[in-house]
Every structure is written in C-alpha cells, then in structure tokens.
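Residue numbering restarts at 1 for every chain, and letters A, B, ... go by the order of the sequence lines.
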Protein chains: 2
Amino acid sequence: MDSAQELIQTRGFSAMSFQDIAVMVGIKKPSIIHHFPSKTDLGRAVIARYHDLFKSALVHVQEDPEKTPWDALEFYFTPYLDFGDAGNKVCLCGALAGEFMELGETMQHEVQSFFIWHEQWLERILEAGHAAGHFKLNKHTSQFARTLLSALQGALLLKRVTRDPKQLEDVMQTIRELIAPS
Amino acid sequence: MDSAQELIQTRGFSAMSFQDIAVMVGIKKPSIIHHFPSKTDLGRAVIARYHDLFKSALVHVQEDPEKTPWDALEFYFTPYLDFGDAGNKVCLCGALAGEFMELGETMQHEVQSFFIWHEQWLERILEAGHAAGHFKLNKHTSQFARTLLSALQGALLLKRVTRDPKQLEDVMQTIRELIAPS
DNA sequence: CTTCGTCTACCAAACGTTAGGTAGATTGCC
DNA sequence: GGCAATCTACCTAACGTTTGGTAGACGAAG
C-alpha cells in the first residue's frame, strides 16, 4: 500500500499498475492481486488509509487544549510540507482529483469524502480561532476555508510543475498574513 | 485536437487513447497518428494551442486602455467559469499537472511555461491595479499572484470532486474581497 | 489437513505504433 | 489541355507490449 500510494502520488492512478508495485515490493503481480482483487479495491484501501491517517492526526491536535488554533493550522500544513522530501509528490487525493472521471463511483465517493471532511475541519479551526481572537476573519468562514484548501492543493501541483519549493511556502505565508490579527 | 483536449480535461492524459479520439471524430486510429505521429506530439500540439489562446486573449484585454485592471481580472476568471458548461472539465494544464511525472520532458516543459507565464501575467495585472489604486495589496505581489493561481487551479479540481459550482464562485468572491480597497 | 501467501503459466483486451496500400486533389512540365 | 509526379487523408491489418485479471500448484505453518 505504501508503494501504491507513492505511485499514485507521483505518476497518477491510471499510470500505476500492479506490475509496478510488484517490482517495488519484490513479489509477483498475482500475489498482489490476491490481496487486492481489483485495482479499484487497492485504490479504495489506499484512500481509506490516507483519510484515516489525516483524520486522527488532525482531530488529535484539534482537541489538545494546550494547542492554539495557530498550532493546529501549522500542524495542518506540515504533512504537505513533508511531501517535499521527494519533491514530486502531491496530495494523494489531489492527484486523484485530476483523473476523477476515470475512477469509478466507489473511489469517487471516497475522494469526495476526503475533501468534504477537510473543508469542514478547516472551517471549524478557523471559526474557533476567530472566536478566540487568534484570527482576523470576515463572516464568510466557509468560503475562506474553501479558498484555503483550494490554494493548498493547487500550490502542491504548481510546486511540482515549477520545481520551486517556494511555490508552497509563498502560499502558506500569504495565508498566514491574511488571517493574522493586525 | 478539440476532442483530445476534452478527453485530457475530463479523463486525463494517461487515460486518453487514440482510439477514444478516433471514435469521437469518426475516423480510424491510424489516421489520427498520421497527423500526430506520437501521443506526445498530440499532447504538445494541444497544450501549445491552449497556451496561445490564453496568451492572446489575456494580452489583448491587458493592453486595452478602456479596461481597468478589474476588468482584466474578471476576464481572466471567465474562461475558467466557461469550463463549467460540462461541469467536469478542469484547466487543461491543471489536469496535466496531476500526472506531471508521466509526461516526458517536452510536455513537462510546455506545462511549466504555461504556468510561469500565467503567474507573471497575474503579477503584472495586480501591480498595475495596485499602482492605479484599484487594488489593495501589501508589497508581496508575486506571492499573492501565486496564491491566486493556486487557489484557482485547486478550486477547479475541487469543484469537480464535490460537484458544487459554488466551490469556484466562493474562491473568486473571496479573492475579490481580499483585494478590494476598503 | 486445512489455510495462507506466493508462485508459474496463462488469458483476452487494449495500448501505441508500424507497414502497406487506396482514392482524390494539387502541382509542375510539355 | 494533357500527363505524370507528388501530396494528402484515409484505410485495413498486424506488430509487440502491457494491461487487469484468472487458474492451479507449491511449500510452510498452525
């Protein structure tokens, strides 16, 4: 599943094959199919694992009373920054969004849930930070959460294309300045 | 080329095949290869045409003395809005960015040029609007241009995934409010 | 003795690409 | 004007490879 996820993030779901994974893991193709009977099954499993990982990490930092909403937001950025070790990895679901119409209903649903959950998490964090006076925001919290998520996903794609790590850092810094109380 | 572009925007470059195009156009597969000897050739041609279309349209509105920077920015949004007629089309280069590592050097360069040019165009418009007092901006025009482009590309992807046209409208409205002078 | 993970050996379908050829329009030359 | 060479767009047929997926055998472990 690690190999599958990496292949999706770097080359895309359509371009990923059982054979590619087999070579990376060191076993033969049918052995992989034994565990994931279809490509869709493998895709679903990878997305579900990815989603759960984010969920537990984000909920954890959100419920920690010692963490400010700023900490939560910075923590939200870090996994995206960490993708930078390879430099050519984007968010798993960002990659899948690019070939969304090719995914089949079940996987489409899973990607959709990922983004909807993320949008709502961001909105909650923003609202909590606003209520506590940490963030400066107008009333349209939901729209701003959408913009933030969009910008982050777009920045990851553009970072890979332009080969400029600053692409992501600039976007993050811009967001920080936009919500920092004057 | 119209069919090829539509297929890339909806299903992705890897998933697009000569056969698909052949069926849409009504001729046979090798006849298409007669015009575009390789899949890469076809891809390059489609990107170049797309890039030129944007370039001429954007430069035109930029140089029109009767148009304010606001008009230019709104005009910049419209082609992205027009993709909405199908509802499941994203920016051509946004789709290609998702499978960037699978594209081969020549196509990678073409996609890269597209985004770099766009980023610079946006920066010029923002700076002109700022100088003329139409926009409210801090000094980091380049970073904001990057954020704007990222948000736009991300919003197009998310719109298709969430099946919510408001996804794009919300992002556009947020951007307008951010740079509108108080 | 059954279950599990892996294997070899296949399959049909689709892929990008090549080869060889046909019909019709265009062009240069007498 | 007539004629041959060339070009263009398309065709059928097949190439070798890769795809997702299947069937059945093997050894190890409980």
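Listed in residue order, the members of residues 97-109 of chain A having a heavy atom less than 4.0 Å from DNA chain D come to none.
The shortest side-chain heavy-atom distance between B:Q19 and B:V23 falls under the 4.5 Å cut-off. Side-chain contact between B:R160 and B:V90: present, with at least one pair of heavy atoms (C-beta onward) separated by less than 4.5 Å.
With values rounded to the nearest 0.5 angstrom, A:L157 atom CG is found 10.0 Å from A:Q167 atom CD. Between A:N138 atom CG and B:T174 atom OG1 the span is 7.5 Å, to the nearest 0.5 Å.
Sorted by first and then second residue, the side chain to side chain donor-acceptor pair (under 3.5 Å) pairs with a member in residues 25-34 of chain A form an empty list; sequence neighbours excluded. For residues 1-10 of chain A, the set of pairs meeting the salt bridge (charged side-chain N to carboxylate O under 4.0 Å, His left out) definition, not counting sequence neighbours, comprises A:D2-A:R49. Contacts classified as salt bridge (charged side-chain N to carboxylate O under 4.0 Å, His left out) and involving residues 91-103 of chain A (residues at least two apart or in different chains) are given here: A:E102-B:R11. Sorted by first and then second residue, the ring-ring contact (aromatic ring centres under 6.0 Å, His included) pairs with a member in residues 132-158 of chain A read A:W70-A:F135; sequence neighbours excluded. Among pairs with a residue in residues 125-149 of chain B, those fulfilling salt bridge (charged side-chain N to carboxylate O under 4.0 Å, His left out) read A:D164-B:R146, A:D170-B:R146, B:E119-B:R146, at least two apart in sequence or across chains.
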Only distances under 3.5 Å count here; give the side-chain donor-acceptor pairs of residues 38-46 of chain B to other protein atoms, sequence neighbours excluded, each with its distance to 0.1 Å.
{"unit_1": "B:S38", "atom_1": "OG", "unit_2": "B:T40", "atom_2": "N", "d": "3.3"}
{"unit_1": "B:S38", "atom_1": "OG", "unit_2": "B:D41", "atom_2": "N", "d": "3.1"}
{"unit_1": "B:S38", "atom_1": "OG", "unit_2": "B:D41", "atom_2": "OD2", "d": "3.1"}
{"unit_1": "B:K39", "atom_1": "NZ", "unit_2": "B:F13", "atom_2": "O", "d": "3.0"}
{"unit_1": "B:K39", "atom_1": "NZ", "unit_2": "B:S14", "atom_2": "O", "d": "3.4"}
{"unit_1": "B:K39", "atom_1": "NZ", "unit_2": "B:M16", "atom_2": "O", "d": "2.8"}
{"unit_1": "B:D41", "atom_1": "OD2", "unit_2": "B:S38", "atom_2": "N", "d": "3.2"}
{"unit_1": "B:R44", "atom_1": "NE", "unit_2": "B:E110", "atom_2": "OE1", "d": "3.2"}

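Listed by chain and number, the residues in a side-chain contact (heavy atoms from CB on, under 4.5 Å) with A:V25 are A:S3, A:I21, A:I27 (sequence neighbours excluded). Looking at residues two or more places apart in sequence or on another chain, you find no ring-ring contact (aromatic ring centres under 6.0 Å, His included) involving B:F18.
Rounding to whole angstrom units, CG of residue A:L42 and P of D:dT19 are separated by 14 Å. Going from atom CG of A:D41 over to atom C1' of D:dG21 covers 12 Å, rounded to whole Å. C:dT6 atom C1' lies 10 Å from atom NZ of A:K28, rounded to whole Å. The interatomic distance linking A:D20 (CG) with D:dG20 (C1') rounds to 13 Å, in whole Å. The NE2-P distance, from A:H34 to C:dC7, rounds to 12 Å in whole Å. With rounding to whole Å, B:I21 atom CD1 is found 16 Å from D:dC10 atom C1'.
Among the nucleotides C:dC7, D:dC10, C:dG5, the one closest to any side-chain atom of A:I27 is C:dC7.
Between B:Q108 and A:R163, the side chains place a donor N or O and an acceptor N or O closer than 3.5 Å (distance only, hydrogens not considered).
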Protein and nucleotides 28-30 of chain D: nitrogen or oxygen contacts under 3.5 angstrom:
none

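Contact annotation: B:S31 side-chain N/O to D:dC11 OP1/OP2 distance is under 4.0 Å.
For the helix from C:dC1-D:dG30 to C:dC30-D:dG1, the axis fitted to the five pairs at one end and the axis fitted to the five pairs at the other end meet at an angle of 10° (nearest 10 degrees).
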Within the 4.0 Å limit for protein heavy atoms, which parts of nucleotides 16-26 of chain C are touched? Write it as a string from 5' to 3', B for base, S for sugar-phosphate only, - for none.
BBB--------

